[in-house]
Amino acid sequence: MSLHYSSMKTEILQSLDLSKAIGALKNGEPVIFPTETVYGLGAIIFDEEAVKKIFTIKGRPQDNPLIAHISSLEDAKRIGEGLNDLFYKLADAFWPGPLSIIVKKKPEVPALVSAGHPTIAIRMPSHKVARSLIEGVGAPLVAPSANISGKPSPTCLSDSLEDLDGKVRYAIDGGSCEVGIESTVISLVSESPILLRPGSVTKEALEKVLGKKVDNPPQSGPILSPGMKYRHYAPKAKVRICFKKEELKGPFFIPRAKTLYAMLRDADRQNVQEIQIYCDDEAQKDAALMNRLLRASGQIH
Ligand code: TXA
Ligand code: MG
């Protein structure tokens with residue numbers, strides 16, 4: 001199996017005609033597509049060979065499970081087991097949108113998808129192209145962010161192709177992503193809900209809809225969200241974070257979720273040694289943004 005179409009560049013498809021992309025996915029070829037959070041590298045959830053390709057293309061560790069993207073609640077029922085009241089409350093309030101909900105998986109979902117866990121993360125994206133693609137294929141698509149593992153997630157197609165050009169046959173251009181950081185991940189499989197990855201759907205918003213407390217992941221014991229243990233969102237440049245204007249030396253950047261990853265990639269393209277970031281009040285209030293920043297700077301893992 002060759003994944004490198006070395007003599008070939010990835011063909012960029014405009015989002016109005018999805019037929020080539022749908023055909024490729026049905027043929028077991030992963031496709032890059034836009035979502036409202038970041039670009040994804042998709043494959044049909046039931047196609048094990050295609051799912052394997054995703055791990056190879058990204059250089060993704062096999063113990064890191066994938067998110068299933070759906071276009072209807074019927075899709076959720078095909079892959080999730082015992083969908084309860086809490087699940088429907090969240091789906092009703094936040095879907096389509098940047099929230100991934102972890103539930104028990106159906107046996108039909110290949111173990112590779114969930115990295116051997118008995119669970120599956122499900123999200124219904126709000127991006128029209130993503131939903132039309134899933135609908136056109138007629139099955140949920142698993143899709144990690146469309147970057148090489150460990151690099152900042154791509155929020156425009158050119159950032160994705162910087163990593164994956166020639167390794168994927170087709171990529172759909174949907175412009176810049178609205179949200180700019182990955183979905184919130186919440187698990188409903190333990191006694192009380194656990195926030196595994198902060199995102200633009202906040203913990204407070206989740207608690208309000210659920211009518212109960214949402215926990216942070218336990219500090220010890222088994223790792224619940226394998227993806228969070230790897231150094232993520234990391235540029236080559238050193239990231240220096242300042243909270244006080246007095247600490248700034250020279251040029252700095254005020255971070256916002258929508259532009260953070262593009263800025264980190266841009267700095268790397270310019271071979272900047274150190275990126276100085278000034279977190280103003282607005283940035284400090286954004287828990288998801290601060291989470292990614294602290295990871296990019298290596299202060300949390
Ligand atoms: O916004 C997003 O979620 C984007 C777009 C493409 O939809 N996708 C994305 O996928 O960020 P990825 O693979 O880069 O991140 C998936 C995260 C990882 O931290 C992974 O460990 C966690 O979700 N995850 C997925 N399934 C899980 C499961 N069954 N149990 C625990 N964590 C899970
Ligand atoms: Mg990722």
Side-chain angles (χ1 to χ4, degrees), residues 30-43 45 51 54-55 57-71 79-81 94-106 109-127 129-131 133-134 140-155 159-160 163-164 172 174 177-190 193-201 217 222-234 257 261 288 291-292 295-296 301:
V31 169
I32 297 169
F33 68 96
T35 84
E36 72 278 19
T37 56
V38 301
Y39 274 73
L41 176 62
I45 190 166
V51 176
I54 285 186
F55 282 91
I57 291 168
K58 278 184 60 89
R60 182 181 178 98
Q62 294 252 350
D63 66 352
N64 194 2
L66 303 172
I67 296 173
H69 295 65
I70 60 169
S71 65
I79 55 178
E81 189 80 71
F94 300 110
W95 282 357
L99 177 68
S100 299
I101 308 173
I102 298 180
V103 297
K104 285 213 185 81
K105 80 172 188 74
K106 284 250 162 86
V109 175
L112 183 67
V113 164
S114 56
H117 295 258
T119 55
I120 180 77
I122 308 178
R123 122 168 164 88
M124 188 191 291
S126 65
H127 199 293
V129 173
R131 282 225 308 289
L133 191 65
I134 300 160
L141 294 178
V142 286
S145 49
N147 53 297
I148 295 289
S149 268
K151 296 238 283 170
S153 293
T155 53
D159 283 355
S160 175
D163 288 4
L164 303 183
I172 305 166
C177 302
E178 266 314 302
V179 177
I181 55 171
E182 305 85 349
S183 62
T184 303
V185 180
I186 187 172
S187 171
L188 296 181
V189 293
S190 35
I194 303 178
L195 181 72
L196 294 181
R197 180 171 73 180
S200 65
V201 174
I223 291 174
L224 296 179
S225 183
M228 301 308 268
K229 76 177 186 230
Y230 299 105
R231 183 164 182 239
H232 259 75
Y233 325 112
Y261 290 146
N291 170 274
R292 304 310 191 272
R295 282 167 191 279
H301 295 282

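First listed ligand is number 1; within each ligand, the first listed atom is number 1. Keep in mind that what you see is a predicted model, and the values were worked out from it rather than measured.
Residue contacts with ligand 1 for Asn64 involve side-chain atoms from C-beta outward but no N, CA, C or O (heavy atoms, distance under 4.0 Å). At a heavy-atom cutoff of 4.0 Å, ligand 1 is contacted by both the backbone and the side chain of Glu182. Residue-level proximity to ligand 1 for Thr119 is carried by backbone and side chain together, each with a heavy atom below 4.0 angstrom.
Minimum heavy-atom separation, Ile79 to Ala68: CD1-CB, 3.6 Å. Across all non-hydrogen atoms, the minimal contact from Ser153 to Tyr261 is O-CB, 3.3 Å. Closest approach of Asp163 to Lys151, counting heavy atoms only: OD1-CE, 2.9 Å. Closest of all the heavy-atom pairs between Ile120 and Leu66 is CD1-O, 4.1 Å. The two residues Ile54 and Gly42 have their closest heavy-atom pair at CD1-C, 3.9 Å.
Under the rule for a side chain to side chain donor-acceptor pair (under 3.5 Å), the partners of Ser183 that lie at least two apart in sequence or sit in another chain are Ser100, Arg197. In this view, Ser71 and Asp75 satisfy the side chain to side chain donor-acceptor pair (under 3.5 Å) rule, not counting sequence neighbours.
Short contacts between ligand 1 and Ser183, defined as distances under 4.0 Å to a heavy atom of the residue, involve ligand atoms 1 (O), 2 (C), 3 (O). Interface of Ile102 with ligand 1, defined as ligand atoms under 4.0 Å from a residue heavy atom, comprises 27 (C), 28 (C), 30 (N), 31 (C), 32 (N), 33 (C). Taking every heavy atom of Ala121 and a limit of under 4.0 angstrom, the matching atoms of ligand 1 come to 25 (C), 26 (N). Proximity to Pro144 (heavy-atom distance under 4.0 Å) selects the following atoms of ligand 1: 10 (O), 12 (P), 13 (O). Residue contact check: Thr37 has heavy atoms under 4.0 Å from atoms 1 (O), 2 (C), 4 (C), 5 (C), 7 (O) of ligand 1. The Gly40 neighbourhood of ligand 1 comprises atoms 6 (C), with distances under 4.0 Å to a heavy atom of that residue. Against a heavy-atom cut-off of under 4.0 Å, His69 is close to the following atoms of ligand 1: 5 (C), 6 (C), 7 (O). Residue contact check: Arg60 has heavy atoms under 4.0 Å from atoms 12 (P), 13 (O), 14 (O) of ligand 1.
The existence of a salt bridge linking Arg123 and Glu182 is excluded, since no basic side-chain nitrogen approaches an acidic carboxylate oxygen closer than 4.0 Å.
Not a single heavy atom of Lys105 sits closer than 4.0 Å to an atom of ligand 1. For Arg197, the heavy-atom gap to ligand 1 drops under 4.0 angstrom. Heavy-atom separations between Ala143 and ligand 1 include at least one value shorter than 4.0 Å.
By the 4.5 Å heavy-atom criterion applied to side chains, Ile70 and Trp95 are counted as neighbours.
Among the atoms of Ser145, an N, O or S atom is found under 2.8 Å from the Mg ion (ligand 2).
Considering backbone and side-chain N/O of Ser145, one or more are found under 3.5 Å from N/O of ligand 1.
At least one donor-acceptor pair under 3.5 Å links the side chain of Arg60 to the backbone N or O of Asn64.
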